[in-house]
Amino acid sequence: MALEKNSTLTKKEKAIMRYVYNAASKNKGVCIMRPVDIFSNISYDLEFDSDELEPTLKNLELDDYFDLTKTDKRGELYYCINLHKKGLAFARDEASFKKKLAFKIVIAVISGACTAIVGWLIKFILNQTVGM
């Protein structure tokens, strides 16, 4: 039973997608944001360079998460984002993946405990019958 992963997003793509989803879900799947807004809401431990933002957004657009339109307002760059079905289902897919992962970890722990108990019982029975 392999763990199925619907999308192969990188950590940086997931971080951007989380922020975009949170911002756009408040406005029926549409949002306008500046690059500064995106950088200020991404975790500092990702080491995200300013020249990586545009290609990452383009990759998410190519993966059909949203439509991306760049616009200039008073000399400042803005991104207009319109989420697609895949983008609107992003949070649900993430939650589903985490539940499946947690379930598989619990099953692995229970299986390991059962194996240890059976091994201990076999050892105990053999010691009682042979080792009298």
Side-chain angles (χ1 to χ4, degrees):
M1 192 155 92
L3 190 59
E4 299 170 10
K5 192 168 182 181
N6 292 340
S7 63
T8 54
L9 296 179
T10 64
K11 287 182 181 181
K12 293 177 182 181
E13 289 172 337
K14 283 182 184 180
I16 288 177
M17 195 58 213
R18 278 188 204 108
Y19 175 66
V20 167
Y21 174 81
N22 289 334
S25 63
K26 296 174 186 173
N27 296 323
K28 299 179 183 178
V30 178
C31 67
I32 298 173
M33 59 183 64
R34 301 175 301 165
V36 174
D37 299 333
I38 297 172
F39 284 124
S40 66
N41 288 293
I42 292 178
S43 178
Y44 292 116
D45 60 343
L46 282 178
E47 297 181 15
F48 210 86
D49 294 332
S50 60
D51 58 340
E52 290 179 290
L53 180 62
E54 184 93 18
T56 305
L57 288 170
K58 286 290 186 187
N59 289 339
L60 288 168
E61 182 182 25
L62 288 173
D63 289 342
D64 201 33
Y65 282 96
F66 51 73
D67 281 328
L68 178 68
T69 306
K70 294 190 305 184
T71 185
D72 191 322
K73 183 177 180 183
R74 296 184 208 140
E76 192 169 9
L77 177 65
Y78 280 84
Y79 294 116
C80 300
I81 296 175
N82 185 10
L83 292 179
H84 290 178
K85 284 184 182 181
K86 195 172 181 181
L88 291 169
F90 174 76
R92 184 172 182 217
D93 289 342
E94 287 289 303
S96 174
F97 178 75
K98 288 178 183 179
K99 283 181 186 178
K100 287 179 184 177
L101 182 62
F103 178 74
K104 292 195 184 281
I105 290 171
V106 168
I107 293 296
V109 169
I110 290 172
S111 297
C114 289
T115 302
I117 290 170
V118 168
W120 179 79
L121 283 174
I122 291 172
K123 184 177 176 182
F124 178 75
I125 292 170
L126 287 176
N127 282 341
Q128 291 296 321
T129 56
V130 176
M132 287 182 132

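We're numbering straight along the sequence, starting at 1.
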Distance col, row Tyr19:OH vs Ile81:CD1, nearest 0.5 angstrom, shows 9.0 Å

Could you measure the distance from the CG atom of Leu101 to the CD1 atom of Ile105? Nearest 0.5 Å is fine.
4.0 Å

Non-hydrogen atoms of Tyr65 and Leu9 that approach each other most closely
OH-CD1, 3.5 Å

May I ask you to decide if the ring planes of Tyr21 and Phe90 are parallel, tilted or perpendicular, using 30° and 60° as cut-offs?
tilted

More than 12 heavy atoms of other residues, nucleotides or ligands under 6.0 Å from CD of Glu47: is that the case?
no

Listed partners of Asp37 passing salt bridge (charged side-chain N to carboxylate O under 4.0 Å, His left out), at least two apart
Arg34

On a heavy-atom basis, which atom in Glu13 and which in Thr56 lie closest, and how many Å separate them?
CG-CG2, 3.6 Å

Restricting to non-hydrogen atoms, name the atom on Leu88 and the atom on Gly29 that form the minimum distance, rounded to 0.1 Å.
CD2-CA, 4.2 Å

Closest approach of Lys86 and Asp64, non-hydrogen atoms and distance?
CB-O, 3.4 Å

Quick one: does any side-chain atom of Ser111 pair with a main-chain N or O of Ile107 as donor and acceptor, under 3.5 Å?
yes

Is there a side chain to side chain contact (heavy atoms under 4.5 Å, CB included) between Met33 and Val20 once you walk through the steps?
CA-CA 9 Å; Met33 59 183 64; Val20 167; 4.1 Å; yes

Which residues satisfy the ring-ring contact (aromatic ring centres under 6.0 Å, His included) test with Phe48, sequence neighbours excluded?
Phe39

Roughly how far, to the nearest 0.5 Å, is CG of Asn82 from CD1 of Ile32?
11.0 Å

Leu83 and Ala24: which non-hydrogen atoms are nearest, and at how many Å?
CD1-CB, 3.6 Å

Are Glu61 and Lys58 within salt-bridge range, i.e. N to O under 4.0 Å?
yes

Walk me through it: do Met17 and Glu94 pass the test side chain to side chain contact (heavy atoms under 4.5 Å, CB included)?
CA-CA 11 Å; Met17 195 58 213; Glu94 287 289 303; over 6 Å; no

Under a 4.5 Å side-chain heavy-atom rule over Ile, Leu, Val, Met, Phe, Trp and Tyr, are Ile38 and Leu77 clustered together?
yes

Enter the distance from Asn22:CG to Asn41:CG here, rounded to the nearest 0.5 Å.
9.0 Å

How far does CD1 of Ile16 sit from CG of Leu60, to the nearest 0.5 angstrom?
6.5 Å

Applying a strict under-4.5 Å side-chain criterion to I, L, V, M, F, W and Y, I'd like to know whether Ile42 and Phe66 cluster together.
yes

What residues, two or more places apart in sequence or in another chain, satisfy side-chain contact (heavy atoms from CB on, under 4.5 Å) together with Leu62?
Asn59

Might you work through the side chain to side chain contact (heavy atoms under 4.5 Å, CB included) test for Lys70 and Tyr79, ending with a clear yes or no?
CA-CA 5 Å; Lys70 294 190 305 184; Tyr79 294 116; 3.6 Å; yes

